[in-house]
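What follows is a short report on a single structure.
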Amino acid sequence: MMNDLKLEVKNLAKTFTLHQRNGMEISGFSDVSFSVKKGALLALTGPSGAGKSSILKTIYRTYLASYGCIEFHRKNGLILDLVSSTESQILALRKQEMGFVTQFLKVLPRITALQTVAAPLLEVGETKHRAFSHAADLLELLGIREELFHVSPLTFSGGEQQRVNIARGVIAPKELLLLDEPTASLDEQSSDKVLNLLMGLKEKGIAMIGIFHDKQKIARVADSSFNVTGNACMNSAIVQKEAA
Amino acid sequence: MLLDVCNVSKIYGPSCNRCLDLTGSEANRAICPVCNSIVAINSINLTAEHNEILGIVGESGSGKSTLLQLIYQDISASSGTIFFNGLQNDRGTPLNILDLPPSMVSRLKNKEMSMIYQNPRLGLNFLFSAGGNIAERIIGSGERRYEEIRKGSLDYIDRIEMDSSRIDDYPEEFSGGQQQRIQIAKALSSSPKLLLLDEPTTGLDVSVQAKILDLIKELQQEMGFSMIIVSHDLGVINHLTDITVVMKHGTLVEYGLTDQILEDPQHPYTQLLVSSIL
């Protein structure tokens with residue numbers, strides 16, 4: 001059904017031009033087409049260096065696309081092409097409808113874990129008390145010890161940082177969430193908690209595009225997958241659900 | 001739209017009809033080879049929305065500060081138009097703020113726009129106390145009741161996390177970082193719609209720099225004004241801004257979301273600039 005669509009990527013390509021290397025061109029990815037529906041998760045798969053993260057960054061407009069279009073179906077029913085829209089339109093979309101959980105946590109060393117996670121809720125006008133209380137619940141759910149709440153997450157281990165990053169990304173979930181290897185540095189137990197969170201987001205109607213390597217995880221959370229293999233991409237396939 | 005800068009140029013010197021064509025990033029020079037005029041700003045177009053934070057980067061002499069001074073009308077432009085916050089005349093025609101009479105310019109500068117200079121001596125009156133400096137701006141924005149002016153000054157001293165007992169001290173009795181804080185309090189005390197910042201933390205030690213940047217960001221989120229920040233420090237730009245403008249030889253060479261400028265720069269100069277980050 002057309003109305004269920006959240007994002008359509010059509011013939012997307014990205015080439016990097018390195019002016020300091022005499023205009024050398026490096027292909028990031030080419031001819032990428034897929035779509036994601038509301039409440040569904042599309043898994044991007046493929047070997048390292050195939051361009052999976054570049055695709056996510058191009059959707060978020062951190063990278064400028066070289067070719068193709070990205071149609072975002074907005075809450076108000078209008079369709080916005082993320083390739084040709086203005087910077088101000090993208091900023092508004094990022095504030096309200098599109099979130100990105102990056103692979104590595106980027107925060108200032110002066111901000112505590114609790115502040116980091118509560119920030120997106122405060123931005124949408126939640127009271128300080130409720131935002132911090134919700135942030136604490138989420139950190140606890142993801143297995144971050146309470147004594148760490150008031151410490152900068154930059155002092156945390158890789159796995160702890162990733163959980164803080166995910167908590168920040170899902171606390172005030174936007175309509176479309178991009179996830180760059182959300183479970184890469186997590187042990188099985190933590191990974192399980194994150195996947196449960198993602199399942200919960202799907203039930204709320206959030207559309208997601210995530211990079212995953214583990215087939216079991218994909219089978220558990222993804223509704224479809226897109227295999228990025230260097231410059232030639234395989235067509236989207238419905239993930240075989242495990243019977244259980 | 002809050003600010004719309006259209007085709008603005010600033011030329012120092014006699015200027016000729018070839019100045020703009022023969023200078024800029026493509027010509028790779030800012031001095032006109034025909035008449036030797038310095039083209040500090042060459043046909044700049046720029047817009048800023050409400051609540052948006054813009055950063056301007058570029059090498060020394062690229063025209064960053066000149067552009068800010070033109071918007072704030074510390075200097076006059078050679079050509080071009082600037083529209084601000086829907087300002088129009090009685091007949092509904094948008095007003096070019098570069099052509100406003102002096103009385104309207106000072107009203108604009110006292111209320112709607114504020115500038116924070118790298119050198120606190122440019123933004124503060126050193127003959128007035130800290131509170132007096134803030135009060136001067138509150139009076140300039142139209143308030144005449146003493147109690148309200150004093151209350152406003154104390155409120156802004158509090159907002160910049162300074163002890164209120166120091167309100168009657170003079171600027172020279174404060175450290176460089178504290179002087180910058182007083183400048184910020186003064187600039188914001190008229191609740192401007194646009195705050196212009198010219199290298200606000202250059203020359204301060206890193207711990208003070210971080211505190212000032214945090215303060216600016218916090219106040220922006222709380223008060224919702226738009227900002228244009230000139231800095232040669234890409235760390236400051238990354239920390240504070242949504243959109244970045246890259247300038248070279250008086251021209252605008254790239255405009256984009258700050259993360260895009262830093263991670264996928266397009267122009268050869270921007271690529272060089274980003275690759276130079278330590």
Side-chain angles (χ1 to χ4, degrees), chain A residues 14-26 28-29 51 53-66 82-83 85-96 98 100 102-104 106-112 115 118-125 128 131 152 178 180, chain B residues 1-4 25 46-55 206-218 220-222 224 226 235-236 238-246 248 252-276:
Chain A
K14 172 66 186 167
T15 304
F16 298 92
T17 307
L18 308 182
H19 293 289
Q20 285 178 285
R21 295 276 176 275
N22 294 322
M24 183 172 127
E25 293 205 330
I26 295 175
F29 56 84
S53 293
S54 295
I55 292 173
L56 288 191
K57 285 186 177 183
T58 308
I59 294 170
Y60 201 61
R61 254 285 273 279
T62 299
Y63 288 172
L64 293 176
S66 308
L82 306 186
V83 173
S85 46
T86 66
E87 281 75 9
S88 298
Q89 284 174 316
I90 297 284
L91 281 176
L93 205 69
R94 285 182 181 185
K95 273 183 191 152
Q96 294 150 12
M98 177 166 65
F100 194 175
T102 50
Q103 195 174 356
F104 302 104
K106 281 186 211 161
V107 286
L108 291 171
R110 306 179 287 284
I111 313 287
T112 67
Q115 287 171 322
L121 271 183
L122 293 172
E123 270 171 37
V124 294
K128 263 189 180 172
S152 164
L178 309 172
D180 194 350
Chain B
M1 190 179 295
L2 181 67
L3 182 79
D4 189 4
S25 67
L46 188 68
T47 59
E49 299 287 339
H50 287 274
N51 209 2
E52 215 164 68
I53 310 175
L54 237 80
V206 284
S207 63
V208 176
Q209 182 174 342
K211 280 184 189 160
I212 300 257
L213 295 176
D214 288 350
L215 177 71
I216 292 171
K217 193 161 192 175
E218 208 179 296
Q220 193 278 333
Q221 281 171 350
E222 189 187 313
S226 302
V236 171
N238 190 19
H239 173 35
L240 281 184
T241 69
D242 305 316
I243 288 174
T244 297
V245 169
V246 185
K248 194 182 182 211
L252 196 156
V253 296
E254 193 164 347
Y255 172 99
L257 295 166
T258 297
D259 52 328
Q260 179 257 303
I261 294 284
L262 294 175
E263 293 194 40
D264 187 23
Q266 305 291 306
H267 191 274
Y269 175 66
T270 317
Q271 290 192 356
L272 176 70
L273 199 71
V274 171
S275 71
S276 308

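Below, chains carry the letters A, B, ... as their sequence lines are ordered, and counting in each starts from 1. Atoms considered below: every heavy atom in the structure, side chains included; atoms not considered: hydrogens, waters and symmetry mates.
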Carboxylate-amine/guanidinium proximity below 4.0 Å for [X] and [Y]:
X	Y	answer
A:K14	B:D264	yes
A:K106	B:E263	yes
B:D259	A:R94	yes

With a 4.5 angstrom heavy-atom cut-off, is it the side chain or the backbone of [X] that approaches chain A, or both, or neither?
X	value
B:H267	backbone
B:E49	side chain
B:A210	both
B:Q271	both

Distance (rounded to the nearest 0.5 Å) between B:Q266 CD and A:H19 NE2: 7.0 Å
Gap between atom CD of A:E87 and atom CD of B:E52 - 0.5 Å precision: 9.0 Å
Under 4.5 Å from a heavy atom of chain B, the part of A:L64 involved: both
Chain B contact via A:L108 - which portion, at a heavy-atom distance below 4.5 Å: side chain
Pick from B:I243, B:D214, B:N51 with the largest number of heavy-atom pairs that fall under 4.5 Å of chain A: B:D214
A:T62 side chain near B:L257 side chain, heavy-atom distance below 4.5 Å: no
Residues in ring-ring contact (aromatic ring centres under 6.0 Å, His included) contact with A:F16, at least two apart in sequence or another chain: A:Y63
Residue list, ring-ring contact (aromatic ring centres under 6.0 Å, His included) with B:Y269, at least two apart or on another chain: none
B:S275 versus A:Q20, closest heavy-atom pair with distance: OG-OE1, 3.1 Å
Neighbour count above 12 (heavy atom, 6.0 Å) for B:K211 NZ: no
